[in-house]
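Counting starts at 1 for both ligands and their atoms, in listed order.
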Amino acid sequence: MGCRGSNTAFMHFDDIKVPVANRIGEEGEGFKHFMITLDGGRISIAAMALGLAVGAYEIAAKHATKRKAFGRPIGNYQGIQWKLADMATRIEAARGLVYGSAQMKDSGQRHSTQSAMAKVYASEVCNFCTYEAIGILGADGLTPKYPVERMYRDMKLTEIGEGTSEVQRIVIARSVLKSFAD
Ligand SMILES: Cc1cc2nc3c(=O)[nH]c(=O)nc-3n(C[C@H](O)[C@H](O)[C@H](O)COP(=O)(O)OP(=O)(O)OC[C@H]3O[C@@H](n4cnc5c(N)ncnc54)[C@H](O)[C@@H]3O)c2cc1C
């Protein structure tokens with residue numbers, strides 16, 4: 001559906017023997033390593049979602065100042081203004097979560113919960129912004145004349161890859177309940 005620049009395919013490994021020297025980490029610790037990898041990967045996907053949201057928002061905002069309907073730029077209408085205001089506000093909130101979780105990773109702090117929060121929030125902001133941007137562009141928004149239809153298709157991966165939004169909420173809720181137990 002999207003992300004066509006990045007190939008996705010099934011891979012099968014039959015009777016593969018990996019020499020101990022090539023093993024990543026200690027035996028039996030694969031799951032732990034994979035979970036740590038996901039914590040970082042979720043920040044990357046959140047950053048991708050943020051970038052797509054900003055791209056769609058900027059195109060829509062510029063368009064709103066130029067496109068005239070009923071004799072006025074569509075940005076003069078409150079219906080369009082509210083969409084842009086919500087996009088701008090949610091983008092700033094997502095940016096705070098993405099940069100905050102990246103800062104925690106860089107400084108060596110545990111960041112599983114913050115990565116999950118950044119990923120679920122930024123990807124849902126991306127969904128909102130790319131969807132609303134298409135609406136602001138009108139029929140042109142559905143065509144390749146603007147990159148927004150591509151951004152909308154690319155967006156869906158950010159809600160699924162590196163763990164779905166439901167899975168991020170499981171991770172966050174587990175941490176919330178743990179911190180309030182006893
Ligand atoms: C483009 C792309 C690239 C990818 N690249 C990689 C990669 O490089 N490496 C890799 O390992 N994986 C990769 N993935 C896999 C990705 O991480 C999984 O697709 C994703 O985690 C969802 O798993 P699933 O597809 O098996 O969905 P499922 O687990 O079958 O989930 C289906 C639905 O059920 C929901 N669900 C499942 N469990 C629960 C639950 N407990 N509570 C509530 N809802 C639940 C999910 O949220 C989802 O809505 C990639 C996926 C995509 C789309």
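- Within the 4.0 angstrom cut-off, atom 17 (O) of ligand 1 has one or more protein heavy-atom neighbours.
- Atom 49 (O) of ligand 1 has as its closest protein heavy atom E166 OE1, 3.7 Å.
- Distances from atom 44 (N) of ligand 1 to the protein include at least one heavy-atom value under 4.0 Å.
- Counting non-hydrogen atoms of neighbouring residues, nucleotides and ligands closer than 6.0 angstrom, the CD atom of Q103 reaches no more than 12 such neighbours.
- Interface atoms of ligand 1 facing I170, defined by a heavy-atom separation under 4.0 Å, are 40 (C), 41 (N), 42 (N).
- Contact annotation for atom 30 (O) of ligand 1: protein absent (non-hydrogen atoms, distance under 4.0 Å).
- Less than 4.0 angstrom separates atom 6 (C) of ligand 1 from none of the non-hydrogen atoms of the protein.
- For atom 27 (O) of ligand 1, the closest non-hydrogen atom of the protein is T164 CG2, 4.9 Å.
- In this structure, atom 24 (P) of ligand 1 has its sub-4.0 angstrom surroundings free of protein heavy atoms.
- The L157 neighbourhood of ligand 1 comprises atoms 1 (C), 2 (C), 52 (C), 53 (C), with distances under 4.0 Å to a heavy atom of that residue.
- The single protein non-hydrogen atom nearest to atom 50 (C) of ligand 1 is G161 CA, 4.8 Å, given as residue, atom name and distance.
- Distance check on atom 39 (C) of ligand 1: every protein heavy atom falls at or beyond the 4.0 Å cut-off.
- Taking a cut-off of under 4.0 Å to the non-hydrogen atoms of E162, the atoms of ligand 1 that pass are 17 (O).
- In terms of protein heavy-atom proximity, atom 20 (C) of ligand 1 is nearest to I160 O, 3.4 Å.
- Not a single N or O atom of T8, backbone or side chain, sits closer than 3.5 Å to an N or O atom of ligand 1.
- Within 4.0 Å of atom 12 (N) of ligand 1, not a single protein heavy atom is present.
- Heavy-atom separations between C3 and ligand 1 are all 4.0 Å or longer.
- The shell of residues lying under 4.0 angstrom from ligand 1, judged by heavy atoms, excludes V167.
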